[in-house]
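Sequence lines set the chain letters: A, B, ... in the order given, protein chains first and strands last, and positions in each chain run from 1.
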Amino acid sequence: MPELPEVETVVRGLRMALPGRRILSVRLGKTDFIEDPVALEQILPGKRITGVRRHGKFLLIDLAPAVAAADAGSQPAEDTSLLVHLGMTGQLVTSPAESPAPPHTHVFVSLDDGRELRYTDIRRFGQMRILANGGHASALGKLGLDPLEATEAEFTSLIHARRAHIKALLLDQHVLRGMGNIYTDESLWRARIHPRRLGANLKPRELRALYRAVRDVLNEAIRLRGSSVSDYVDADGERGEFQLRHRVYQREGEKCFRCKTRIRRIIVAGRSSYFCPHCQPAPKLKRRPTAPRSRAIRRKSAPRRAR
DNA sequence: CTTACGGCCTGGGTGC
DNA sequence: TGCACCCAGGCCGTAA
């Protein structure tokens, strides 16, 4: 699932292929994930691609008004961009125009070098829209800080003021932009913090460890070109390798790399959360109405409930 | 203000 | 072999 490192990898790949290219035409399949399909078809053809950027998990393809054709006193070049979110299963790949497209490919953008930029998305949780003047701010302005750009002081202040589960805070794109379930769990494991700890209860040294862990995990994942756990591929259709370095994500029942304790899975903030119960001790239970102390005798076979 | 939860969507795995 | 069901989890809208 594309999170910050995966989107960053796609962006870097597209930067090799897109800037300088002119868009010839657009062909659409299913369009229910596109905000305004007609606008896409009308605005893109003729535009020249000037750059590719990442903002959190969003990807922006910047566009200029074709050539300097309107040299007769044109308007101050409007800033138009194609905004893409890959959702869960989105892929943005450039291919030779004549090569067969994989199933579930719904956007075909033909370029002036004989290649084609294609958007493939099995589940269509992604989104695509045209941003014109001012649209950038309204679409992206509410997102939080980029975890790789935030200073430790900024990071600390974002977390320390909040009484939500740290897992939820790291996932909240309005707090930090770019983290998803994989990198949240991996960062918490590295920092030895239980996903149900509250942000406000983290000690200064824990906040420092978490800040470092987030940066280290994200940077290493970018270096390995992302995690390919389901459908993720980069702009050339290649898989990443960081899934080979996962320490907790999707490792329920396997041994912790630090202490050999079995990794557990619980639901926090509505998401599967993998952690080591020994390295990441649970917070003190919120006082419940006289919880009977020792009743842990019901630990029978506990069959690994296969779903 | 906060957090919780359902809905969207498809394919792969599992149980019967 | 077939088939119903659960689950993955991005984000958003709505409820509490």
Nucleotide of C:dA8, B:dT10, B:dC9 approaching A:Lys30 most closely (side-chain heavy atoms): B:dT10
I want to check one thing: is the phosphate of C:dC11, taken as OP1 and OP2, less than 4.0 Å away from some side-chain N or O of A:His174? no
Distance to the ring centre below 6.0 angstrom and angle to the axis at most 45 degrees; does that hold for A:Arg27 and A:Phe108? yes
Using whole Å, what does the distance between atom P of nucleotide C:dG10 and atom CZ of A:Arg129 come to? 20 Å
Would you tell me if any nitrogen or oxygen in the side chain of A:Lys57 comes within less than 4.0 Å of OP1 or OP2 on C:dC11? yes
Expressed as a whole number of angstroms, how long is the span from A:Asp172:CG to B:dA4:P? 12 Å
Just checking A:Ala164: base, sugar-phosphate only, or nothing, at a heavy-atom cut-off of under 4.0 Å? sugar-phosphate
Choosing from B:dT10, C:dC11, B:dT3, which nucleotide comes nearest the side chain of A:Arg162? B:dT3
With respect to the phosphate group of C:dC11, does any side-chain polar atom (N or O) of A:His85 fall under 4.0 Å of OP1 or OP2? yes
Matching residue for A:Glu149 among A:Arg54, A:Arg215, A:Arg177 - test: salt bridge (charged side-chain N to carboxylate O under 4.0 Å, His left out): A:Arg177
Touch class at under 4.0 angstrom, heavy-atom based, for A:Tyr249 against every strand present: sugar-phosphate
Given the rule that I, L, V, M, F, W and Y join up when any side-chain heavy atoms are under 4.5 Å apart, are A:Val52 and A:Leu83 in one cluster? no
Nearest listed nucleotide, side chain of A:Arg271, among B:dG11, B:dC9, C:dG10: C:dG10
Would you call A:Arg129-A:Asp36 a salt bridge at under 4.0 Å N-O? no
OP1 or OP2 of C:dG10 less than 4.0 angstrom from a side-chain nitrogen or oxygen of A:Arg123, does that happen here? no
If you look at every strand shown and take non-hydrogen atoms under 4.0 Å, does A:Thr89 touch a base, only sugar-phosphate, or nothing? nothing
Whole-Å distance, A:Arg124 CZ to C:dC12 P, equals 18 Å
